[in-house]
Amino acid sequence: MTNSINEKVRCLIIGSGPAGYTAAIYASRANLSPVLYEGIQPGGQLTTTTDVENFPGYPEGVTGPELMEDLKQQAARFGADMRIGIATKTDLSAAPYKVTIDGEKVIETETLIIATGATAKYLGLPDENKYAGMGVSACATCDGFFYRKKTVAVVGGGDTACEEALYLASLAKQVYLIVRKPYLRASKVMQERVMKASNITVLFEHNTVGLFGEDGVEGAHLVKRMGEPDEEKVDIAIDGFFLAIGHKPNSDIFKPWIETDEVGYIKTIPGTPKTKVPGVFAAGDVADPHYRQAITAAGSGCAAAIEAERYLSEMGK
Ligand SMILES: Cc1cc2nc3c(=O)[nH]c(=O)nc-3n(C[C@H](O)[C@H](O)[C@H](O)COP(=O)(O)OP(=O)(O)OC[C@H]3O[C@@H](n4cnc5c(N)ncnc54)[C@H](O)[C@@H]3O)c2cc1C
């Protein structure tokens with residue numbers, strides 16, 4: 001059964017992270033009367049963190065929730081229509097594009113800005129939740145600075161894990177790289193760099209089964225050669241535990257129409273937020289396997305709104 005159109009808009013923004021709110025600020029100031037749907041996590045990933053010290057304009061730092069509330073208020077000031085709701089289905093076969101909200105309401109839009117972010121993968125241990133923001137992180141660039149001259153562990157065996165381990169090794173005293181397999185999946189060059197770093201110890205064939213600590217992470221419970229006859233329990237003392245086992249871009253509902261890479265990151269025309277579908281743009285982490293930072297997400301949200309405005313003006317709409 002096809003739902004009928006409930007509303008027509010010129011610019012629809014899906015997602016309320018730094019990319020979505022920044023797109024809303026620019027689109028509303030350009031008179032596009034944007035409608036934004038916040039999704040399941042209003043304010044996006046930064047609402048799950050405390051200190052953000054690297055977003056320009058806050059010399060003393062700011063908490064994630066405060067930063068996101070500021071961005072929201074700024075968008076509201078220019079009249080952006082921000083609503084609670086989740087995009088559940090899309091039809092981008094032809095303009096105007098149709099987006100279903102909460103499985104019910106269908107919005108027809110001339111331009112669409114996809115800013116649905118990406119979700120870091122975790123091991124699924126209850127301790128990851130217990131110590132969230134208290135020593136567990138999925139972003140070395142964001143949180144590495146808090147672990148200067150301390151001891152940290154990175155979980156993962158791919159290029160990202162090696163990159164994160166090397167980045168942390170430049171700040172921390174000691175880095176453990178916890179690898180499930182007896183080898184690294186990372187490229188040869190990354191493997192070599194990791195092996196050469198004097199303060200990185202690679203723990204091959206180790207699984208993390210828990211974390212411990214009083215007021216934050218003080219160590220990890222590992223099992224070496226788990227399930228084998230010579231299985232061995234190993235505890236390491238650490239101050240921080242970094243996940244680097246990948247991200248899942250929130251792009252599933254756009255996939256029938258929009259090109260993604262093998263992981264699910266939306267492919268845009270290099271240097272722009274344009275997808276191959278005219279009038280459909282992607283901004284922030286959902287289209288960014290490389291940087292995944294609040295400021296880069298905000299920057300691409302700005303670019304997406306500018307492109308949406310240009311597209312509408314070229315189409316005479
Ligand atoms: C714990 C933590 C700490 C971090 N610390 C820092 C830091 O210090 N500095 C820094 O620069 N970066 C930091 N980051 C990274 C930063 O949060 C992200 O790069 C940034 O939030 C990406 O912004 P975004 O707008 O692309 O998406 P997100 O912030 O991921 O937001 C995605 C939005 O899309 C919405 N959404 C998803 N699917 C749908 C749907 N179907 N319908 C409607 N809405 C939908 C969600 O509800 C959410 O509002 C941190 C990340 C984490 C997890």
Side-chain angles (χ1 to χ4, degrees), residues 13-27 34 36-77 80 82-87 113-122 128-147 160 164 167-168 216-217 240-251 265-266 273 282-305:
I13 302 167
I14 309 292
S16 57
Y21 283 152
T22 305
I25 293 168
Y26 276 77
L36 177 151
Y37 278 93
E38 293 184 334
I40 203 165
Q41 190 177 48
Q45 293 175 59
L46 281 186
T47 57
T48 66
T49 191
T50 47
D51 298 328
V52 179
E53 296 192 330
N54 54 11
F55 198 89
Y58 292 92
E60 304 304 324
V62 62
T63 69
E66 273 175 309
L67 171 57
M68 295 318 298
E69 189 54 32
D70 283 353
L71 282 176
K72 184 176 181 175
Q73 291 308 325
Q74 198 172 346
R77 183 181 152 211
M82 290 172 286
R83 304 176 182 173
I84 293 166
I86 299 171
I113 297 177
I114 303 169
T116 45
T119 313
K121 289 186 188 161
Y122 287 79
E128 289 168 321
N129 289 331
K130 181 174 168 189
Y131 295 104
M134 296 163 68
V136 172
S137 171
C139 178
T141 316
C142 310
D143 296 329
F145 190 75
F146 302 118
Y147 296 92
T160 306
E164 304 263 277
Y167 177 75
L168 288 166
V217 171
F241 183 74
F242 287 80
L243 282 306
I245 52 174
H247 283 74
K248 186 184 181 321
N250 303 314
S251 60
Y265 286 101
I266 292 179
D285 284 13
V286 73
D288 176 8
H290 302 294
Y291 305 113
R292 289 191 299 258
Q293 292 294 291
I295 188 63
T296 46
S300 62
C302 151

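Values in this document were obtained by computation on a predicted structure and should not be read as measured data.
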[X] side, atom [atom1]; [Y] side, atom [atom2] - distance, nearest 0.5 Å:
X      : Y      : atom1 : atom2 : value
Met68  : Thr47  : CE    : OG1   : 7.5 Å
Leu46  : Gln41  : CG    : CD    : 9.0 Å
Asn250 : Ile14  : CG    : CD1   : 12.0 Å
Leu36  : Ile113 : CG    : CD1   : 9.5 Å
Ile86  : Thr116 : CD1   : OG1   : 12.0 Å

Which heavy-atom pair separates [X] from [Y] by the least distance, and what is that distance?
X      : Y      : result
Gly20  : Ala115 : N-CB, 3.6 Å
Pro249 : Val286 : CB-O, 4.1 Å
Ala305 : Ala23  : CB-O, 3.5 Å

Listed pairs under 3.5 Å, donor-acceptor, residues 288-302 side chains, sequence neighbours left out:
| from | atom 1 | to | atom 2 | distance (Å) |
| --- | --- | --- | --- | --- |
| Asp288 | OD1 | His290 | N | 2.8 |
| Asp288 | OD1 | Tyr291 | N | 2.8 |
| Asp288 | OD2 | Tyr291 | N | 3.4 |
| Asp288 | OD2 | Arg292 | N | 3.0 |
| Arg292 | NH1 | Tyr265 | OH | 2.7 |
| Arg292 | NH1 | Pro289 | O | 3.2 |
| Gln293 | OE1 | Asn54 | ND2 | 3.4 |
| Thr296 | OG1 | Gln293 | N | 3.2 |
| Thr296 | OG1 | Gln293 | O | 2.9 |
| Ser300 | OG | Gly284 | N | 2.8 |
| Ser300 | OG | Thr296 | O | 3.3 |
| Ser300 | OG | Ala297 | O | 3.1 |

Please table the atom pairs, donor to acceptor, closer than 3.5 Å between any side-chain atom in residues 56-64 and protein atoms at least two apart or in another chain.
| from | atom 1 | to | atom 2 | distance (Å) |
| --- | --- | --- | --- | --- |
| Tyr58 | OH | Asp70 | OD2 | 2.8 |
| Thr63 | OG1 | Glu66 | N | 3.2 |
| Thr63 | OG1 | Glu66 | OE1 | 3.0 |

For the residue pair [X] and [Y], establish whether any side-chain heavy-atom pair is separated by less than 4.5 Å.
X      : Y      : answer
Tyr21  : Glu38  : yes
His247 : Thr160 : no
Met82  : Pro34  : no
Asp51  : Phe146 : yes

Query raised in the report: Is there a donor-acceptor pair under 3.5 Å between the side chain of Gln45 and the backbone N or O of Ala118?
Result: yes

Query raised in the report: If you draw a 6.0 Å radius around OH in Tyr122, do more than 12 non-hydrogen atoms from other residues or ligands fall strictly inside?
Result: yes

Query raised in the report: Mind checking what makes side-chain hydrogen bond (donor to acceptor under 3.5 Å, both in side chains) contact with Tyr37, not counting sequence neighbours?
Result: Arg83

